[in-house]
Amino acid sequence: MSERRSPRRRRFLLCEPRHFDVSYAINPWMHPDEEVDVRRAHRQWEALAAAYRAHGHVVETLPPVPGLPDMVFAANAALVLGGRALGSLFHAAERRDESDHYELWLKEAGVPVRRARAVCEGEGDLVPVGGRVLAGTGFRTTPEAHREAQEHFGVPVVGLRLVNPFFYHLDTALFALDDENVAYYPDAFAPESRAVLERLFPHAVIATLGDALAFGLNSVSDGRHVFIAPGAVALTEELARRGYVPVPVDLSEFRKAGGGIKCCTLEVRA
Ligand code: ARG
């Protein structure tokens with residue numbers, strides 16, 4: 001049996017989906033003519049916040065803003081590392097106004113923020129693992145922003161190229177399990193990026209296409225508990241085999257916007 005894995009208490013920023021909707025399409029999951037059940041979305045989001053709190057994590061929220069339906073996806077607004085933040089410059093014009101609201105919240109929380117000069121979508125594409133940041137590009141965040149992140153935080157940034165438009169953010173194709181290991185779906189990456197991942201993480205948990213399509217890689221791990229979409233069946237089994245404790249949380253309503261658990265969660269790292 002695997003060793004007992006220890007959780008680390010996290011501070012999460014979430015944004016209530018009061019104005020959540022799919023009113024434009026900026027990724028292949030989004031179909032504005034498809035109905036969104038706003039009340040169901042709200043219940044699902046409440047269940048996520050409750051699951052985090054039940055496992056000892058601190059959940060804070062910022063007020064949602066009318067006219068910004070994707071603002072619920074807090075992960076995209078910044079990367080917060082070592083008590084400072086790189087604020088996002090969103091790729092889509094429809095999302096650009098979200099940045100001011102998140103930056104205001106962070107500044108009021110005592111976190112200094114610098115806005116990225118190149119297109120950058122926060123933790124959607126910038127995933128800290130141990131002493132590095134894994135950084136996705138191909139659809140949203142640019143290699144210039146990877147360089148900005150490296151300079152801003154003073155940690156090595158490893159660029160990875162995404163190739164499948166359904167997995168347009170790094171956090172739809174990979175997540176950090178702890179400071180040493182990740183789970184990912186290899187085919188979401190260009191061959192040379194796959195080679196980098198294999199070299200960095202020889203013991204990574206490899207997900208299937210079914211896991212990835214169920215948003216199983218859009219998960220949040222505290223080092224022990226993994227908050228994960230219930231549809232990611234194979235991945236959930238493998239995580240349990242490796243000694244992690246899967247905590248299923250269903251955010252199916254948010255999949256209509258191309259989002260899941262991690263997308264709704266910005267970690268505020270001291
Ligand atoms: N509709 C949003 C977008 O396309 C969804 C963002 C999901 N967030 C994420 N971290 N993958 O920008």
Side-chain angles (χ1 to χ4, degrees), residues 12-15 17 19-34 36 38 41 44-45 48 64-65 67-80 85-99 101-102 116 119-128 133-142 145 149 160 162-176 182-185 188-189 207 211-221 227-229 232 249 251-268:
F12 294 136
L13 177 61
L14 274 63
C15 180
H19 308 293
F20 173 61
D21 196 6
V22 178
S23 50
Y24 49 78
I26 55 172
N27 69 56
W29 299 91
M30 300 176 86
H31 303 289
D33 33 292
E34 193 184 338
V36 172
V38 183
Q44 292 181 338
W45 179 88
L48 176 65
V65 175
L68 296 175
D70 274 336
M71 196 175 164
V72 62
F73 300 116
N76 306 154
L79 170 64
V80 186
L86 184 64
S88 292
L89 174 62
F90 281 91
H91 175 76
E94 291 91 337
R95 297 200 64 184
R96 289 216 163 158
D97 289 345
E98 294 177 31
S99 298
H101 302 285
Y102 278 95
V119 167
C120 185
E121 298 204 349
E123 284 199 291
D125 276 319
L126 302 173
V127 177
V133 173
L134 304 180
T137 190
F139 298 100
R140 303 284 180 92
T141 300
T142 56
L160 300 167
L162 297 161
V163 294
N164 181 333
F166 281 92
F167 309 117
Y168 57 93
H169 270 149
L170 181 59
D171 75 359
T172 63
L174 174 149
F175 72 98
V182 299
Y184 67 99
Y185 172 56
F189 296 90
D211 294 324
L213 289 172
F215 267 75
L217 294 161
N218 200 247
S219 294
V220 169
S221 171
F227 302 88
I228 186 166
V249 179
L251 289 193
S252 55
E253 215 52 43
F254 296 92
R255 201 156 56 142
K256 297 174 180 172
I261 292 171
K262 174 60 216 171
C263 302
C264 289
T265 311
L266 179 68
E267 185 172 347
V268 182

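Order of appearance sets the numbers: ligands from 1, and atoms from 1 within every ligand. None of the values given here were measured: they were computed from a predicted structure.
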**Q** So, applying side-chain hydrogen bond (donor to acceptor under 3.5 Å, both in side chains) with Glu98, which one of His101, Arg96, Arg95 is it?
**A** Arg95
**Q** Out of the candidates Phe12, Phe227, Phe73, only one should pair with Thr265 under the side chain to side chain contact (heavy atoms under 4.5 Å, CB included) rule; please name it.
**A**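 With Thr265 as partner, Phe12, Phe227, Phe73 yield a single side chain to side chain contact (heavy atoms under 4.5 Å, CB included), made by Phe12.
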**Q** Please work out whether any backbone atom (N, CA, C, O) or any side-chain heavy atom from C-beta onward of Lys262 is under 4.0 Å from ligand 1, and answer side chain, backbone, both or neither.
**A** neither
**Q** For ligand 1, which atoms have a heavy atom of Asp171 less than 4.0 angstrom away?
**A** 9 (C), 10 (N), 11 (N)
**Q** Does any non-hydrogen side-chain atom of Phe90 lie less than 4.5 Å from one of Cys120?
**A** no
**Q** Phe90 near ligand 1, heavy-atom distance under 4.0 Å?
**A**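 Per 4.0 Å heavy-atom rule, Phe90 does not contact ligand 1.
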**Q** What do you reckon, does Ala257 have a nitrogen or oxygen under 3.5 Å from a nitrogen or oxygen of ligand 1?
**A** yes
**Q** So which atom in Gln44 and which in Glu253 form the shortest heavy-atom distance, rounded to 0.1 Å?
**A**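 Looking at all heavy atoms of both residues, the closest pair is OE1-N, 3.0 Å.
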**Q** Does the ring-ring contact (aromatic ring centres under 6.0 Å, His included) test come out yes or no for Phe215 and Trp29, once each step is laid out?
**A** CA-CA 11 Å; Phe215 267 75; Trp29 299 91; 4.9 Å; yes
**Q** For atom 6 (C) of ligand 1, which protein heavy atom lies nearest, and how many Å away is it?
**A**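 Its nearest protein heavy-atom neighbour is Asn76 OD1, 3.2 Å.
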**Q** Students should be able to answer this: which protein heavy-atom is nearest to atom 9 (C) of ligand 1, and at what distance?
**A**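 So the nearest neighbour among protein heavy atoms is Cys263 SG, 2.6 Å.
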**Q** Compute the ring centroids of Phe20 and Phe254, then answer whether they are less than 6.0 Å apart.
**A**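 For Phe20 and Phe254, the ring centres are under 6.0 Å apart.
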**Q** Looking at ligand 1, would Arg140 count as a contact under a 4.0 Å heavy-atom criterion?
**A**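 The answer is yes: ligand 1 sits under 4.0 Å from a heavy atom of Arg140.
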**Q** Which pair of heavy atoms, one from Glu267 and one from Glu123, lies closest together, and at what distance?
**A** N-OE1, 3.0 Å
**Q** Which residue holds the protein heavy atom closest to atom 12 (O) of ligand 1, what is that atom called, and what is the gap in Å?
**A** Arg95 NH1, 2.7 Å
**Q** With nothing but distance in play, are any N or O atoms of Thr172 less than 3.5 Å from an N or O of ligand 1?
**A** no
**Q** Between Asn218 and ligand 1, is there a nitrogen or oxygen pair with a distance under 3.5 Å?
**A** no
**Q** Apply the side chain to side chain contact (heavy atoms under 4.5 Å, CB included) test between Leu160 and each candidate in Asp125, Leu170, Thr137; give the one that qualifies.
**A**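 For Leu160, the side chain to side chain contact (heavy atoms under 4.5 Å, CB included) check succeeds only for Leu170.
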**Q** Can you name the atoms of ligand 1, numbered from 1 with element, that are less than 4.0 Å from a heavy atom of Met30?
**A** 1 (N)
